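Please read these numbers as outputs of a predicted model, since none were measured by experiment. Proteins come first, then strands; the chains are lettered A, B, ... in the order of their sequence lines, and each starts at number 1. Values below: all heavy atoms of this structure, side chains included; hydrogens, waters and symmetry mates excluded.
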2 protein chains.
Amino acid sequence: MNFDEILDAIYLLPKDSKAKLRDLVTEVTFPKGHILLREEKVERSIYFIKKGIVRAFSIKPEKEHTFWFGSEGETAMSMQSYINDLKGYESIQLLEYSELYKLNTAALKKLFSEDIHISNWGRRFAELELIKTEERLISQQFHTALERYTVLVASNPDLIQRVQLGQIASYLGITQVSLSRIRAELK
Amino acid sequence: MNFDEILDAIYLLPKDSKAKLRDLVTEVTFPKGHILLREEKVERSIYFIKKGIVRAFSIKPEKEHTFWFGSEGETAMSMQSYINDLKGYESIQLLEYSELYKLNTAALKKLFSEDIHISNWGRRFAELELIKTEERLISQQFHTALERYTVLVASNPDLIQRVQLGQIASYLGITQVSLSRIRAELK
DNA sequence: TCTTAAATTTTACAAATGATAAAAAAGGAA
DNA sequence: TTCCTTTTTTATCATTTGTAAAATTTAAGA
């Protein structure tokens, strides 16, 4: 998925606005395991995933919590840094070799104030992330672990293949042992 | 909290942009118990709360799930309707007599395409809602019910007084019995 | 105030989940 | 392949949470 397609999937931009964004972007690649951004730091860029899978996690007291998986077309970023210039609570790690488009936040914000199309792109971007997060919240709050796992498998069948179960369990808000039990049930 | 203050709390607008928004808004009041918007319907407006408390809930198979409380300065709306023109999964009900500012979504979107300041206001609006939702999600996923309840009481002491415990329990993602147990522990 | 209804807490039991340890299976490197 | 490490599953027991029903408290109206 190239940069243009990623932009278009969010909000259709006129050619020249798109060009302005393209000028800001650099392509970067990293090996499996690379830490793209670190919790407790203010992150100055956001990364659109061209290819690969990443996970966001934080190491709270002792335990490691995975709270997001991102793949092709999605954006790896700290919302707290992007939105409020605060340090984020998550680290983001590449789960496989990945290719990313890196975009500097400050430069993007400058464009928001200059180009109404890009401003609307930024609005749409936030809105789409909002919907995703709201759906996650509802799923987390009102569905059982079994239901959440079933939905995850149905919507991201490849994820299960490519990601460790302990991380998926954490993402679902349960222990790895519980997830194993759920999987055993389903057989 | 008047309309100007509500706008300013989101993003500072030039006078004339603010005036354009003010022209779109009508003030409405409803009694306790009024259903402001209904699940499974596409909602054409969003409502800024001038005064009062509301709750969003949905009636899934049999059970009623409360997933949001809103009060002064917050916005009562269906994200799915606002963002994707889809029917929302929530109904919103007034928990007390309330005064609201009603804003038509289509008219607002028209301004987004015409006025860069309003477009950036809309971006900021979505971004702030996104941060709130993300924090809810993290809290739900990685903190115990006891922790969540304690935080809720600390940050919204009045809410506990004004809202039924069954609804608060649902909001926390637990049963009313569990919440009673937690409250008994804390005495 | 008294009466009734609604809301909240408590209790008892069942089901689900967590913690821990150990066994089994899968994957990688020499 | 073989050995070694990592990941996943299984088993056991303790804890938490849910369900249902009863007991208590609170609120509201006559």
Could you give the [atom1]-to-[atom2] distance, from [X] to [N], as a whole number of Å?
X         : N       : atom1 : atom2 : value
Phe142(B) : dT17(C) : CZ    : P     : 17 Å
Arg162(B) : dA27(D) : CZ    : P     : 16 Å
Tyr149(B) : dT8(C)  : OH    : C1'   : 12 Å

Practice task
Looking only at non-hydrogen atoms, find the nearest pair between Phe125(B) and Met77(B) and report the distance.
Solution key: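 Minimum heavy-atom separation between Phe125(B) and Met77(B): CZ-SD, 3.6 Å.
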
Problem - Taking every non-hydrogen atom, the tightest pair across Ile6(B) and Ile49(B) - result: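 Answer, listing the atom of Ile6(B) first, then Ile49(B): CD1-O, 3.8 Å.
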
Practice task
List the protein contact pattern of nucleotides 22-30 of chain C with one symbol per nucleotide (5' to 3'): B for base contact, S for sugar-phosphate-only contact, - for none; contact means a heavy-atom distance under 4.0 Å.
Solution key: ---------

Completion exercise
Contact string for nucleotides 8-26 of chain D, one letter per nucleotide 5' to 3', B = base within protein heavy-atom range under 4.0 Å, S = sugar-phosphate only, - = neither, reads BBBBB----BBBB------

Exercise for the section: Determine which pairs satisfy side chain to side chain donor-acceptor pair (under 3.5 Å) with at least one residue from residues 33-48 of chain A, sequence neighbours left out, and list them in order. Expected result: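 Of all non-adjacent pairs touching residues 33-48 of chain A, those that pass side chain to side chain donor-acceptor pair (under 3.5 Å) are Glu40(A)-Lys87(A).
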
Practice task
Determine which pairs satisfy side chain to side chain donor-acceptor pair (under 3.5 Å) with at least one residue from residues 98-107 of chain A, sequence neighbours left out, and list them in order.
Solution key: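 Every pair satisfying side chain to side chain donor-acceptor pair (under 3.5 Å) with a residue in residues 98-107 of chain A: Tyr97(A)-Glu99(A).
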
Problem - Rounded distance [0.5 Å steps], OG in Ser58(B) versus CZ in Phe67(B) - result: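 Separation between the atoms: 6.0 Å.
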
Problem - Hphob cluster co-occupancy, Val28(A) + Met1(A), side-chain heavy atoms under 4.5 angstrom - result: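 No, separate clusters.
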
Practice task
For the helix from dT1(C)-dA30(D) to dA30(C)-dT1(D), measure the angle between the helix axis at one end and the axis at the other, each built from five pairs, rounding to 10°.
Solution key: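 About 50°, once rounded to a multiple of 10°.
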
Handout entry: Partner residues of Asp158(A) under the salt bridge (Lys or Arg N to Asp or Glu O under 4.0 Å) criterion, sequence neighbours left out
Key =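 Salt bridge (Lys or Arg N to Asp or Glu O under 4.0 Å) list for Asp158(A), sorted by chain: Arg162(A).
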
Problem - Non-hydrogen side-chain atoms of Leu21(B) and Phe3(B) separated by less than 4.5 Å - result: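 A side-chain contact exists here, since the closest heavy-atom pair is under 4.5 Å.
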
Practice task
Would you mind telling me which of Glu27(A), Glu72(A), Glu74(A) makes a salt bridge (charged side-chain N to carboxylate O under 4.0 Å, His left out) with Lys50(A)?
Solution key: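 Among Glu27(A), Glu72(A), Glu74(A), the one meeting salt bridge (charged side-chain N to carboxylate O under 4.0 Å, His left out) with Lys50(A) is Glu27(A).
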
Handout entry: Ser113(B) side chain to Lys110(B) backbone, donor-acceptor under 3.5 Å
Key =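 A pair under 3.5 Å: yes.
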
